[in-house]
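First the structure, in the form of structure tokens, and then the observations on it.
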Amino acid sequence: MSELHYLTATELAQLIRTRQVSAVDVVRAHLDRIDQVNPHVNAVVTLVADQALQAAETADAVLRREGPAGPLHGVPVAHKDLADTAGIRTTYGSPLFADNVPDRDDVVVQRLRAAGAITMGKTNTPEFGTGSHTVNEVFGATRNPYDLSKSAGGSSGGAAAALATGMVPLADGSDMGGSLRNPASFCNVVGLRPTPGRVPSHSDTAAWYTLSVPGPMARTVDDVTLMFGAVAGFDRRSPYSIKEVFAPEPEEGVAGLRVAWSPDLGGLPVDERTAAVTATAPAVLERLGAHVEQVELDLSGAEEAFRTYRAWFYLLAHGDKSGLGPNTAWNVEQGRGVTGADLVRAEVARSGLYQRMAAFFDTYDVLIAPVSQVPPFPVEQPHVSEINGEPLPDYLAWMRSAYWISVLHAPAASVPAGFTGDGLPVGVQIVGRPFEDARVLRVARAFEQATGHGLRRPPL
């Protein structure tokens with residue numbers, strides 16, 4: 001029990017439920033781990049140690065009297081600093097909200113607490129989740145636990161680094177253009193971008209916006225599945241919330257499944273180090289009995305649709321704020337230039353892309369591809385400016401491999417795929433048909449079990 005902090009959430013839940021360990025023991029072990037490693041990586045930016053210990057004492061008392069409150073009874077969790085937490089500072093990574101303390105919980109936080117999970121604190125994010133590198137003016141940068149000189153990715157970079165180092169077994173995140181998948185890839189953990197509506201969120205101003213979704217992160221697919229079951233489900237306050245109850249697929253493995261493999265998602269530049277790692281993924285699934293075929297994807301329209309809707313959203317969400325950081329301000333200015341004609345073209349492009357991919361998924365059960373086009377880059381570098389010598393036009397362009405998938409309204413998971421020659425993690429992206437989140441998790445679990453890459457711990 002000396003390393004409770006590296007047990008899975010599934011294991012911890014069982015140990016607590018059967019009273020082999022107490023929730024207090026588990027929380028203390030994770031608090032000790034946070035004290036040990038967080039100064040090096042800067043992942044947990046607001047810690048509520050006393051509150052967590054008090055909640056653990058209550059959880060142990062409830063367990064003795066009534067039994068477990070839910071499937072995550074006593075299990076520690078950290079919340080992304082974009083998610084409102086009642087009574088706990090929530091800054092959104094912005095100096096404008098450095099002292100903000102909400103009076104309510106976001107839906108994901110509510111559901112995790114209802115499932116018995118214990119809040120440990122908040123994880124770092126760039127301002128308003130803007131960008132796939134976790135750095136802001138309030139807390140600074142989160143560092144990659146496998147190489148402290150590198151980025152942890154983003155925007156859920158604090159969550160990914162906290163998971164990788166054993167500071168928490170579960171963490172929530174969110175994903176517009178790769179913010180769950182990219183940091184999972186960079187930090188050798190698992191992140192799931194669910195089908196929009198599977199995990200509901202509330203908005204008074206952009207209730208129909210489907211590009212940004214909340215989702216689960218953990219060190220294993222089983223833990224992601226466990227957490228997903230706790231946070232997924234219908235909520236009438238979300239207009240596209242899915243009524244179907246999520247359940248894992250009863251089948252295991254990938255034998256007989258039809259898998260499409262795209263090494264570059266239709267011609268994107270991919271760093272040779274990343275490409276070398278992800279190129280090993282098809283053979284893994286073939287050995288497991290899947291039928292794998294390399295394909296030429298046509299994702300035309302994804303770029304225009306994503307950028308137009310992202311820009312429109314940033315103007316809607318942040319156009320009334322002054323004092324924004326450069327990335328957020330740039331996105332707002334992009335939004336000011338969006339016209340009605342732009343939105344028409346974006347909707348036509350996205351609709352055509354959706355129908356083409358619907359036909360594609362008549363032939364294939366899942367698509368596998370790189371998550372990110374590059375491995376973790378220097379933490380002092382604001383963003384990736386070139387790939388394989390090819391200059392990129394702006395700070396967004398290096399994440400096309402993730403945000404083109406965001407436009408598809410499809411579930412996508414990042415799963416550890418291996419390491420570069422200098423020890424940097426690389427993930428593979430598993431994309432499924434819309435609403436087939438369970439199929440994505442099934443393939444992800446089979447890949448994880450066959451490779452064991454997620455078992456490699458950072459040197460901290």
Side-chain angles (χ1 to χ4, degrees), residues 1-63 68 72-81 85 87-89 109 112-113 115-124 134 139-148 152 156-173 183 187-190 217-220 223 226-227 454-460:
M1 297 299 180
S2 62
E3 289 209 347
L4 281 173
H5 61 269
Y6 266 140
L7 294 184
T8 67
T10 303
E11 292 167 333
L12 290 170
Q14 173 67 14
L15 289 171
I16 294 169
R17 188 164 51 248
T18 56
R19 298 174 64 178
Q20 296 180 64
V21 297
S22 69
V24 169
D25 290 337
V26 171
V27 166
R28 281 178 176 158
H30 287 87
L31 289 174
D32 287 346
R33 184 62 174 167
I34 291 170
D35 286 343
Q36 179 186 1
V37 302
N38 196 54
H40 301 288
V41 296
N42 190 35
V44 177
V45 291
T46 297
L47 182 66
V48 289
D50 292 342
Q51 179 177 315
L53 283 169
Q54 184 176 13
E57 291 172 358
T58 300
D60 287 333
V62 168
L63 184 64
L72 302 178
H73 189 97
V75 178
V77 64
H79 307 296
K80 188 175 181 178
D81 205 22
T85 42
I88 301 173
R89 180 175 59 163
V109 177
L112 288 169
R113 288 183 176 173
I118 294 176
T119 295
M120 304 292 284
K122 310 300 290 287
T123 58
N124 205 17
T134 298
F139 301 113
T142 297
R143 294 176 177 270
N144 193 302
Y146 288 87
D147 182 341
L148 296 176
S156 307
L163 289 165
T165 52
M167 287 191 266
V168 285
L170 299 174
D172 57 58
C187 292
N188 203 44
V189 298
V190 182
M217 301 180 75
R219 287 189 295 274
T220 70
D223 280 2
L226 176 68
M227 183 178 177
L455 298 174
R456 180 167 165 178
R457 301 287 176 237
L460 286 173

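The first residue in the sequence is number 1, and the count goes up from there.
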Does any non-hydrogen side-chain atom of [Y] lie less than 4.5 Å from one of [X]?
X	Y	value
V109	L112	no
V26	V75	no
M167	T123	no
V168	V77	no
M120	V27	yes

Once you round to the nearest 0.5 Å, how far does [atom1] of [X] lie from [atom2] of [Y]?
X	Y	atom1	atom2	answer
N42	L148	CG	CG	11.0 Å
M217	L170	CE	CG	11.5 Å
L15	T10	CG	OG1	11.0 Å
D172	M227	CG	CE	5.0 Å

Name each donor-acceptor pair under 3.5 Å that joins a side chain in residues 46-59 to protein atoms two or more places apart or in another chain, with its distance.
residue	atom	partner	partner atom	Å
T46	OG1	R89	NE	3.2
T46	OG1	R89	NH2	3.1
T58	OG1	Q54	O	3.1

Quick one: list whatever passes side chain to side chain donor-acceptor pair (under 3.5 Å) with [X], sequence neighbours left out.
X	result
S156	K80
H30	none
N188	Y146
R17	Q14

> Listed by chain and number, what are the salt bridge (charged side-chain N to carboxylate O under 4.0 Å, His left out) partners of R143, not counting sequence neighbours?
Replying inline: none

> With sequence neighbours excluded, what pairs up with D147 under the side chain to side chain contact (heavy atoms under 4.5 Å, CB included) test?
Replying inline: S149, K150, L424

>> S22: which residues meet the side chain to side chain contact (heavy atoms under 4.5 Å, CB included) condition with it, sequence neighbours left out?
In response: V24, D25, D60

Return the minimal non-hydrogen interatomic distance between [X] and [Y], and the atom names on each side.
X	Y	value
P458	P145	CB-O, 3.3 Å
I16	G74	CD1-O, 3.4 Å
L4	A29	CB-CB, 3.7 Å
A161	T142	CB-CG2, 3.8 Å
D223	P169	OD2-O, 4.3 Å
A23	I118	CB-CD1, 4.4 Å

> Is there a donor-acceptor contact under 3.5 Å from the side chain of R219 to the main chain of G454?
Replying inline: no

Could you pull out all donor-acceptor pairs under 3.5 Å where a side-chain atom in residues 31-38 meets a protein atom, sequence neighbours excluded?
residue	atom	partner	partner atom	Å
R33	NE	T165	O	2.6
R33	NH1	Q36	OE1	3.0
R33	NH2	T165	O	3.1
R33	NH2	L460	O	3.0
N38	OD1	A43	N	2.9
N38	OD1	V44	N	2.9
N38	ND2	V44	O	2.9

> Can you name the one residue among K122, H79, R113 that meets side-chain hydrogen bond (donor to acceptor under 3.5 Å, both in side chains) with T85?
Replying inline: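 Output: one option passes, namely K122.
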
